[in-house]
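Computation of the quantities below employed the complete heavy-atom set of this structure, encompassing side-chain atoms and omitting hydrogens, waters and symmetry-equivalent molecules.
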Amino acid sequence: MEAPAPAAWQPQEEGFKEICGLLEHQISPTSTTDKFQIWQQLQHFSQFPDFNNYLAFILSRAEGKSVEIRQAAGLLLKNNLRNAYKTMMPAYQQYIKSELLPCLGAADRHIRSTVGTIISVVVQLGGILGWPELLQALITCLDSNDLNHMEGAMDALSKICEDIPQVLDSDVPGLPDRPIKIILPRLYQFFQSPHTSLKKLALGSVNQYIMLMPAALYASMNQYLQGLFALANDQAAEVRKLVCSAFVQLIEVRPSFLEPHLRDVVEYILQVNKDGDDEVALEACEFWSAYCDAQLPPENLREFLPRLIPVLLSNMAYADDDESLAEAEEDESLPDRDQDLKPRFHTSRFHGSDSVEDDDDDIVNAWNLRKCSAAALDILSNVFGDEILPTLMPVVEAKLAASGDESWKDREAAVLALGAVAEGCIDGLYPHLSQMVEFLIPLLDDKFPLIRSISCWTVSRFSKYIVQESGHHKGYEHFDKVLMGLLRRILDTNKRVQEAACSAFATLEEEAAEDLAPRLEIILQHLMCAFGKYQRRNLRIVYDAIGTLADAVGAELNKPAYLEILMPPLIAKWQQLSNSDKDIFPLLECFTSIAQALGTGFSQFAEPVFQRCIAIIQSQQLAKADPVTAGFLYDKEFIVCSLDLLSGIVESLGGGIESLVSQSNLRDLLLQCCMDDVSDVRQSAFALLGDLARLFAAHLRPRLPEFLDVAAKQLNTPKLKETISVANNACWAIGELAVKVHQEISPIAMTVMSCLVPILQHSEELNNKSLVENSAITLGRLAWVCPEILSPHMEHFMQSWCIALSMIHDDIEKEDAFRGLCAMVRKNPSGALSSLVFMCKAIASWHEIRNEELHNEVCQVLHGYKQMLRNGAWDQYMSALEPPVKEKLLKYQV
């Protein structure tokens, strides 16, 4: 191979043969040559500047070689260009581009498709401007009337539209219009082509622009809609699917365009919702949720409900080829494969008022027509409420009444439908709750595993109301039957049912909370029996159910008889798992809940658990720096779960673990975690820092300046919105440290103040209640311990700070913040004058200041201002307050 570029590049015979030979070995299933060796040789060739020219030559001109070899050359060329295109010699870039264009009309479809992919990559890297000949070549092919050329150009265009649609909607020097305006009329023409491939590519390309809505599409919307209507009943399922997709996207982003045609569109979608092709029906079914999500007027759908609901119900039955049918036959004795284990994500510890809701209502795995139909029914029930029941219930009842093994799928779909409308139609269903529970309980023991599993889910959707009714005798009987029914299913022999029962039971636990106490022994016996027999995947769900139980019953769990059932199996599992085994995550989470429930009762288990968490964090930090020495790869989840468990132990045992903290290297490890580049690790680290500050500030002192410095840095980041939970916990931790170390906080007081004030001033944009509350409290705590530093600046932040303080519920943290307020006012009374009205509102936001000392301080502040503002000035301020605020201030004798 030659490095210098000659006038016109030509391949050398020898290099050509050698590369073709390697590609042949690479794609041959029977080749004995080691694939890794071939890959190494190809990597070696990649170092030659003209290697990619050879690949382009083989793809476009090696007529004597098989299509497979030419395609392999093209795919390798595509991957190489991604990395090397921008640094290639311009002459070589030009050579490759000049070889690609003539292949747009290649006789072989695979070659055309590969060329289209490479063209899209080149445009991604060099833009339309970097390839002036391309547009003209594409248009010439589109206008050629030769099927190969039209298809090749359309294939390349569709890939550009999919990967980088914006490049065609930008100004190109030398062109009178944007490329999209030149191309759109040709795409519309292809809507009428007799060739399905052209219709499909053209329609798919235009659909890519709905979200972007360029001026050219906006202006030609009528033509586009006419084209969609003309294709609505096309013979090809792929075309009908794209028509549905266009309507779904339009209703989401530009419903006004469909308004004049809405009846026809809804009528059409209703028809194709019954399409013989499941993918078309699925795309159509997305329309109902999209319509409701866009909050469009419900009355436009109302008249269609009597026809729509039976269609949805019919589509909710399992299809014969649904993968769940095969999975449902899996017996519990079959070990889980690694690919059966879904990746799990631990939610880092968060200190504040915004709890992130888990949506566990996912009815298992891959999205399909059944799930989409159930989701549509759910959202329609939320929009129309009980209105849908007269249509829905007769169909549900008819399906449930169908007996015989052959109709089990209809019965299952009917139970799914009841669960789907549990939330939206509860007013209409509530009077019949006891009949429904009576009806569902036997289904928990049905012979078909998928009926047993869906019945668990549906029961869980009503669990809130079942618990509400348990106050009277009949209601308690139902609650107990549901509880025992789910416990039976937890010990089912079918994996799918085990999973559904455990998840449903966790939902019931959350709703029932302490009402579970009388049944704790039998619940624990069932859960620990499941713990002993479940395979790995479902074991994770048992951990969750145990953790949720601990959260639900709290200190009730702290009885020797219960701990005797619960702890030995968990400890045995704990000892069996290595520090790098991912199966330890859910166990760490489970222990966190147990530690918090048991409080001081956890002390007998604390030492080994504490030491293990420290060891896990240490080994992960080593793996991060040197995986070879550690013997495994770093995974942040281990550190996050361990930090959260340590927080749980500190919270529940308080001063009882002082010796463990003081004898460990937790302080240094924690500082390292606070500086970690992964935000989840920092989030949990600052939560633990705040917990430790409350109890063991003295142990943090040797490295206090470093902790304060790194915490302050979290508040001063241009990407605050992306790491808002880290900032929230760091802010809270600074406040907790301030009230413990007092003056030692002063070196960073100004820095922290300058970060917190913008958060308070832009609270609406941040839209994060917790961060705003914590910022207000921490600012107050800083003011309390170093008023002399903050008070000279108070007029800059007093108004937004008081607004934030008035939103906080009465608690000890709010008391601290108001101590800071009083301390600053004493130092600089005039600094708050311009915000006095806001300060009065903040004081009036207290239901009652229980701390007598603070109550007196607030009285003094108000009286001070009353004396300072003479000649009717005080009354003028008071007249600006609403009557309820004035009334609240009477408590302070002003």
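- Lys888 forms no cation-pi arrangement with Trp846, by the criterion of a distance under 6.0 Å to the ring centre and an angle within 45° of the ring axis.
- Between Arg703 and Glu706 there is a salt bridge, with a side-chain nitrogen of the basic residue lying less than 4.0 Å from a carboxylate oxygen of the acidic one.
- Side chains of Asn579 and Ser619: no donor on one and acceptor on the other come within 3.5 Å.
- Ring centroid separation for the pair Phe605 and Phe591 does not come in under the 6.0 Å cut-off.
- Using a cut-off of 4.0 Å between Lys/Arg side-chain N and Asp/Glu carboxylate O, Asp676 and Arg682 are scored as not salt-bridged.
- A donor-acceptor pair shorter than 3.5 Å can be found between the side chains of Ser647 and Asp691.
- Using a 4.0 Å cut-off between charged side-chain N and carboxylate O, Glu773 and Lys769 make a salt bridge.
- Listed by chain and residue number, Phe479 satisfy the ring pair (Phe, Tyr, Trp, His ring centres under 6.0 Å) test with Tyr476 (two or more places apart in sequence, or in another chain).
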> Can Phe818 and Trp784 be said to form a ring-ring contact (aromatic ring centres under 6.0 Å, His included), step by step?
Replying inline: CA-CA 8 Å; Phe818 272 77; Trp784 180 29; over 10 Å; no
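- Glu736 has a carboxylate O that lies under 4.0 Å from a charged side-chain N of Arg694, or vice versa, which qualifies the two as a salt bridge.
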> Does the pair Tyr430 and Glu469 meet the rule for a side-chain hydrogen bond (donor to acceptor under 3.5 Å, both in side chains), with working shown?
Replying inline: CA-CA 10 Å; Tyr430 201 78; Glu469 287 290 294; 2.6 Å; yes
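- Ion pairing of Lys474 with Glu438 is present here, as a side-chain N (NZ or NE/NH1/NH2) and a carboxylate O approach within less than 4.0 Å.
- Using a cut-off of 4.0 Å between Lys/Arg side-chain N and Asp/Glu carboxylate O, Arg781 and Asp816 are scored as salt-bridged.
- Every residue meeting the salt bridge (Lys or Arg N to Asp or Glu O under 4.0 Å) condition with Asp445, not counting sequence neighbours, appears here in chain and number order: Arg488, Arg489.
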Cut-off 3.5 Å, no hydrogens considered: what does the side-chain donor-acceptor table look like for residues 513-522, sequence neighbours left out?
from	atom 1	to	atom 2	distance (Å)
Arg519	NE	Asp480	OD1	2.9
Arg519	NH2	Asp480	OD1	3.3
Arg519	NH2	Asp480	OD2	2.5

